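Read the structure below first, then the notes.
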Amino acid sequence: MDILAGLNPRQREAAEAIGGPVLILAGPGSGKTRVITHRVAYLIQVCGVSPRHIMAVTFTNKAAREMEHRLQHLVSGAVPELTLGTFHAICVRILRRDGGVIGVEPRFVIYDEEDQMSLLKRSITEVGFDPKQYAPQAISSAISAAKSQLIVPADYLAKARSYYEEVVGRVYEQYQRLLGESNALDFDDLLLRTVHLFSANPEVLSRYQRRYQHLQVDEFQDTNLVQYELVKQIGGGYHNICVVGDPDQSIYSWRNADLRNILSFEKDYPEAKVVLLEQNYRSTKSILETASHLISANRERKQKGLWTDNEAGELATVVETYTEQDEAQFVVGEIERLVEQGKARLGDCAVMYRTNAQSRVLEEAFIRFGTPYKLVAGTRFYERREVKDIVAYLRLIQNPSDRVSLLRVINVPGRGIGQQTLAKLSGWAQSMGISQYQALSRIGEVAEGEAPFTPHIGRKLTDFLSLMEEVITASNERGLLELFDLVTTRTGYREYLLTQPDGEERWDNILELRTVAQQYRDLPPAEGLAVFLEGVALVSDVDGLDETVDAVTLITLHQAKGLEFPVVFIVGMEEGVLPHFKSFDDPAQMEEERRLCYVGVTRAGRLVYLVRAFRRSFRGSSMVNSPSRFLNDIPKHLISGSSLWMGEEGRVKEAVYSWPKTATADLGTSEPAPPAPAIGDLKTGDHVFHGVFGNGVVVSAVAVNGDFEVVVAFRGAGVKKLLQSYARLEKLKS
DNA sequence: CGAAAGGCTCTTTTT
DNA sequence: GAGCCTTTCG
């Protein structure tokens, strides 16, 4: 059987090009996944390359799993020794095995963002600065940016050109020291330390080079410099490097992804073969054309000639609603209509948004309508307090040096060990040059009075120590599941949790975590724990997306990359939302916002809806946003529903669905108050009185949806936007 | 030491 | 609006 049968000539060319560097530029829907999967299958089956010699890097774990399934199907069998996963997952494996030579102990733990932040704040304080003065968030991204460019603290300090950079450099230095003391690595370190391992140990590198004779990297437009360096290092022996990507879908520059990687690949590898995949199999002509117009508005890009043989299809529907609640109602109502008319199944539909905060209103509407939906990890399961608590206990068992985890659980449930005590413990440990955990065991050993604790407090600390010793001993003998149960009970956590607000519900989350642990039950004790913790640290939200469930998908535009749905709704098509206001003053960021919108539109197969709300609440207060500039990038002849979208009175109403009659009582979050009787039309210049803001002058009054949006400049209270029916403005005689 | 209350900032996107 | 931090009191 010809393994490449069914590929078009371009795709075939890409799959067959196995000697030397290859750059595949793949437009959306061009069968990229198909190509890279067939390419690996071709290597194994036709070229007789052992899976052992192949490394394939994907963007998410989910993509890796899918590729594995498809591969097994193609080569009809398992591919055991194939290295397949994200950069991060692959680096973890390398470091567990060979990190020792650069001082990375195999039992290291991986710090997520929250752990990182906690350690970073500590670092800022410890080098003598105030976390309130130097935003930890900003320092964190500065450090992350440095790490993504292979800059270590010493280099950073040497190159610091301002006081602020000096501060960042010193924090960076301290932060790395603390990470080291905790035997912990953050996400950036996983990559960076691997590069260091290779550059400092050529013999280790050459072992990996000899093993990985074929290298393939997907989503190359979203790799950073460190990742590119890794590719260069590992692929340095054979130069059989295949990278796949699409510059128009680069949306992770904020995570230090560097578009230059894909642009300079040809320069770094002049002999590279370049293959363009331009035929789209996913979308209708209309959608593809809409997307092409949209992305053409970006100046920094290479023109591509996307085309499709698919039918013309329907025009994009642009809809304006009044509030974000109406927006959500419209979406759910429209989906229900499509399903009723047999035009789509629930599972065909996805609702995409710029920010996670937008998912809430949508979710409420779906609940209200009783329409099944799946939210792509909006809740971030692994970030929940109770889940992180248990994970912290388990991490501490694997690696007692883990300072962040120790501090997290030492007093949860409450054991009467407070801030004062912990500060003393920390100082004492530091003065002896040992970890805090080691300091705990010292308490019982030293003579009375040598430890800075009263016998009463000392007792509490040593009690905690014995508890940990007990579970650590157990961890060497028992499987993960037994250990898990021991931790939740023996530490008193279960009892504690059940007394907390929402205790039952949160305990259910622990049980869900236990279900995850179940998968590792048969591994030998220490290994089961390590693999479980690694999985927990590196999951991504889309990993949990289950395609077999027939329900609407709610997902961020970023998460949607690489996915496809017959019907796509993009909501929040507004200035300030998409494009996000943070990108207003930076043209490069603005172009990235446009690419994000492009990614959204190109996910769609048959139908696209671009929806916006006239007013939307943001952090408690209400905002009025104008239509997204991206709507202007789409020519009018490609849009239907324009009668709805300029918001003329009466027309807007058509787009607004009413709540269903049933099941509205328990969710009355957005029930509007009964409108006050109109006091008469207001016009610019009128003097008015408001019960709270006092006297003011009308700046503007606009008719909206049968009501009036009034902007008033109040004496003292400033300028406010008010809705006349709610605000009870009293018109004064001037 | 810990619970409760109030004030303050803020995440846009995530391996 | 929520979550975080600080303050206050028992």
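To find a chain, count down the sequence lines: A is the first, B the second, and so on, and within it residues start at 1. All values reported here derive from a predicted model rather than from experimental measurement. What you see below is based on every heavy atom in this structure, not just the backbone, and it leaves out hydrogens, waters and symmetry mates.
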Value in whole Å for how far the P atom of C/dC5 lies from NZ of A/Lys121: 4 Å
Minimum-distance nucleotide (side-chain atoms of A/Gln420 versus B/dT14, B/dC1, C/dC5): B/dC1
Out of C/dT6, B/dT14, B/dT13, whichever nucleotide has its closest atom nearest the side chain of A/Lys132: C/dT6
Contact under 4.0 Å: A/Thr60 side-chain N or O vs B/dT15 OP1/OP2: no
Of A/Ala135 and A/Val539, the one whose closest DNA chain B nucleotide lies more 5': A/Ala135
Ring geometry between A/Tyr252 and A/Trp254 (parallel below 30°, tilted from 30 to 60°, perpendicular above 60°): tilted
Evaluation steps, side-chain hydrogen bond (donor to acceptor under 3.5 Å, both in side chains), between A/Glu219 and A/Gln221: CA-CA 5 Å; A/Glu219 306 284 9; A/Gln221 77 281 358; 2.8 Å; yes
is_close_aromatic(A/Tyr493, A/Tyr496), centroid dist under 6.0 Å: yes
Among B/dT15, B/dT13, B/dT11, the one nearest A/Phe187 by side-chain distance: B/dT15
A/Asn224 side-chain N/O to B/dT15 phosphate OP1/OP2 under 4.0 Å: no
Of the listed nucleotides B/dT13, B/dC10, B/dT14, the one nearest the side chain of A/Arg619: B/dC10
A/Tyr252-B/dT13 aromatic stacking (under 5.5 Å, under 30°): no
Phosphate OP1/OP2 of B/dT13 contacted by A/Gln559 side-chain N/O (<4.0 Å): no
Sugar-phosphate only, base, or nothing, as touched by A/Lys460 at under 4.0 Å among non-hydrogen atoms: nothing
Where A/Leu513 and A/Tyr382 come nearest, the two heavy atoms and their spacing: CD1-CE2, 3.8 Å
5'-most by nearest nucleotide on DNA chain B - A/His558 or A/Leu422: A/Leu422
A/Phe108 backbone acceptor or donor facing A/Arg96 side chain under 3.5 Å: yes
Which nucleotide in C/dG1, B/dT15, C/dT6 has an atom nearest any side-chain atom of A/Arg360: C/dG1
Closest nucleotide among B/dC1, B/dT11, B/dT14 to the A/Thr421 side chain: B/dC1
Aromatic contact, A/Phe569 with A/Tyr353 (centres under 6.0 Å): no
DNA chain B: stems of at least 3 consecutive Watson-Crick or G-U pairs whose donor-acceptor distances fall under 3.5 Å: B:1-10 with C:1-10
Nearest-Å distance for atom pair CZ/P, residues A/Phe618 and B/dT9: 15 Å
Sugar-phosphate only, base, or nothing, as touched by A/Asn411 at under 4.0 Å among non-hydrogen atoms: sugar-phosphate
Rounded interatomic separation in angstrom, taking CE from A/Met352 and P from B/dT13: 16 Å
Candidate nucleotides C/dA2, B/dT15, B/dT13, ranked by approach to the side chain of A/Arg255 - the nearest: B/dT15
For atom NZ of A/Lys582 and atom C1' of B/dT13, their distance in whole Å: 12 Å
Plane angle bin for A/Phe187 and A/His88 - parallel if under 30°, tilted between 30 and 60°, otherwise perpendicular: perpendicular
Donor-acceptor pair, side chain of A/Thr60 and main chain of A/Ala63, under 3.5 angstrom: yes
